[in-house]
Participant: 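Quick one: this structure, given as structure tokens, is what I'll be asking you about.
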Amino acid sequence: SKGKVGERYIVSGDIVSIREVAALLSRLSGARVPPTFPDFMVGMHSYFGEVVSRFTKRPPLLSIETFRGISHGLQVDGSRAATELGVEYTSLEEGARHAIIRYWQQGLLKRKPVCAIED
């Protein structure tokens with residue numbers, strides 16, 4: 001109701017890397033940080049996966065386009081949505097904490113996460 005007709009808005013608060021998200025989720029859940037690999041290895045894996053998918057007719061685990069997006073980063077600015085639409089963003093850490101606790105409450109996690117013990 002607040003947006004301009006025909007306009008599009010990016011709704012995004014924080015700009016973080018995949019590694020930062022993984023580190024945050026690991027810290028909040030108490031899980032180990034997943035291993036990371038050099039970009040060239042991941043790129044080779046995505047390329048090989050694309051070749052194999054042509055024969056198997058199944059999508060690759062990681063497409064070349066997804067790899068490119070992850071390796072080069074994606075930065076978006078949600079300030080226009082905040083200004084014009086009145087969007088108020090929750091911090092990534094607060095949102096992740098609430099999501100992890102909710103997953104625990106729904107029985108979707110095997111171990112009680114660290115952030116649920118702290119509360």
Side-chain angles (χ1 to χ4, degrees):
S1 66
K2 295 181 182 180
K4 296 176 184 172
V5 175
E7 291 293 318
R8 295 181 182 179
Y9 298 89
I10 295 173
V11 182
S12 177
D14 297 328
I15 299 173
V16 294
S17 70
I18 296 294
R19 288 185 175 106
E20 290 171 320
V21 171
L24 173 66
L25 295 176
S26 296
R27 182 172 54 81
L28 293 174
S29 67
R32 291 182 309 148
V33 177
T36 57
F37 301 95
D39 284 350
F40 80 90
M41 288 180 69
V42 179
M44 288 174 37
H45 179 271
S46 67
Y47 177 77
F48 180 71
E50 293 270 352
V51 171
V52 170
S53 74
R54 290 183 185 161
F55 295 103
T56 64
K57 305 294 184 211
R58 297 175 66 191
L61 183 61
L62 178 68
S63 71
I64 292 172
E65 289 304 313
T66 301
F67 163 70
R68 288 180 182 149
I70 292 171
S71 64
H72 293 294
L74 175 65
Q75 294 197 359
V76 294
D77 181 5
S79 62
R80 192 168 132 230
T83 303
E84 293 182 20
L85 305 179
V87 173
E88 294 181 20
Y89 297 108
T90 300
S91 74
L92 179 60
E93 182 165 349
E94 183 181 343
R97 180 185 309 277
H98 288 296
I100 290 170
I101 290 171
R102 182 77 174 151
Y103 295 155
W104 168 251
Q105 292 169 340
Q106 292 177 344
L108 299 173
L109 302 176
K110 293 179 182 178
R111 294 185 326 218
K112 188 169 189 175
V114 173
C115 62
I117 295 169
E118 295 172 354
D119 289 344

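Computation of the quantities below employed the complete heavy-atom set of this structure, encompassing side-chain atoms and omitting hydrogens, waters and symmetry-equivalent molecules. The structure presented is a predicted model; accordingly, all values stated were derived computationally and were not measured.
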Participant: Between CG of Leu92 and CG of Leu28, what distance do you get to the nearest 0.5 Å?
Facilitator: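 Output value for this atom pair is 9.0 Å.
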Participant: Just to verify, what does Thr90 make a side chain to side chain donor-acceptor pair (under 3.5 Å) with, not counting sequence neighbours?
Facilitator: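 By the side chain to side chain donor-acceptor pair (under 3.5 Å) rule, Thr90 matches no residue at all.
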Participant: Ala23 and Val33: which non-hydrogen atoms are nearest, and at how many Å?
Facilitator: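 So the minimum-distance heavy-atom pair works out to CA-CG2, 4.5 Å.
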Participant: Does Gln106, at its CD atom, have more than 12 non-hydrogen atoms belonging to other residues, nucleotides or ligands within less than 6.0 Å?
Facilitator: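 It does: Gln106 CD has more than 12 such atoms within range.
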Participant: Under 3.5 Å, side-chain donor or acceptor atoms of residues 39-52 against the rest of the protein: list the pairs with distances, not counting sequence neighbours.
Facilitator:
from  : atom 1 : to    : atom 2 : distance (Å)
Ser46 : OG     : Gly43 : O      : 2.8
Glu50 : OE2    : Ile64 : N      : 3.0

Participant: By the rule that ILVMFWY residues connect when side-chain heavy atoms come within less than 4.5 angstrom, directly or transitively, which residues belong alongside Tyr9?
Facilitator: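 Besides Tyr9, the hydrophobic cluster comprises Val11, Leu85, Val87, Tyr89, listed by chain and residue number.
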Participant: State, yes or no, whether a side-chain contact exists between Asp77 and Ile10 at a heavy-atom distance under 4.5 Å.
Facilitator: no
Participant: Contact between Val114 and Arg27 at the side-chain level, heavy atoms closer than 4.5 Å - yes or no?
Facilitator: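 Counting from C-beta outward, Val114 and Arg27 never come under 4.5 Å.
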Participant: Is there any side chain to side chain donor-acceptor pair (under 3.5 Å) pair reaching into residues 52-61, and which pairs are they, with sequence neighbours excluded?
Facilitator: none
Participant: Partners of Glu65 by salt bridge (charged side-chain N to carboxylate O under 4.0 Å, His left out), sequence neighbours excluded?
Facilitator: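 Only Arg68 meet the salt bridge (charged side-chain N to carboxylate O under 4.0 Å, His left out) criterion with Glu65.
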Participant: Taking only residues two or more places apart in sequence, or in another chain, which ones meet Arg80 in a salt bridge (charged side-chain N to carboxylate O under 4.0 Å, His left out)?
Facilitator: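 Once residues adjacent in sequence are excluded, the partners of Arg80 under the salt bridge (charged side-chain N to carboxylate O under 4.0 Å, His left out) criterion are Glu7, Glu84.
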Participant: Considering only heavy atoms from C-beta outward, does the side chain of Cys115 approach that of Ile101 to under 4.5 Å?
Facilitator: yes
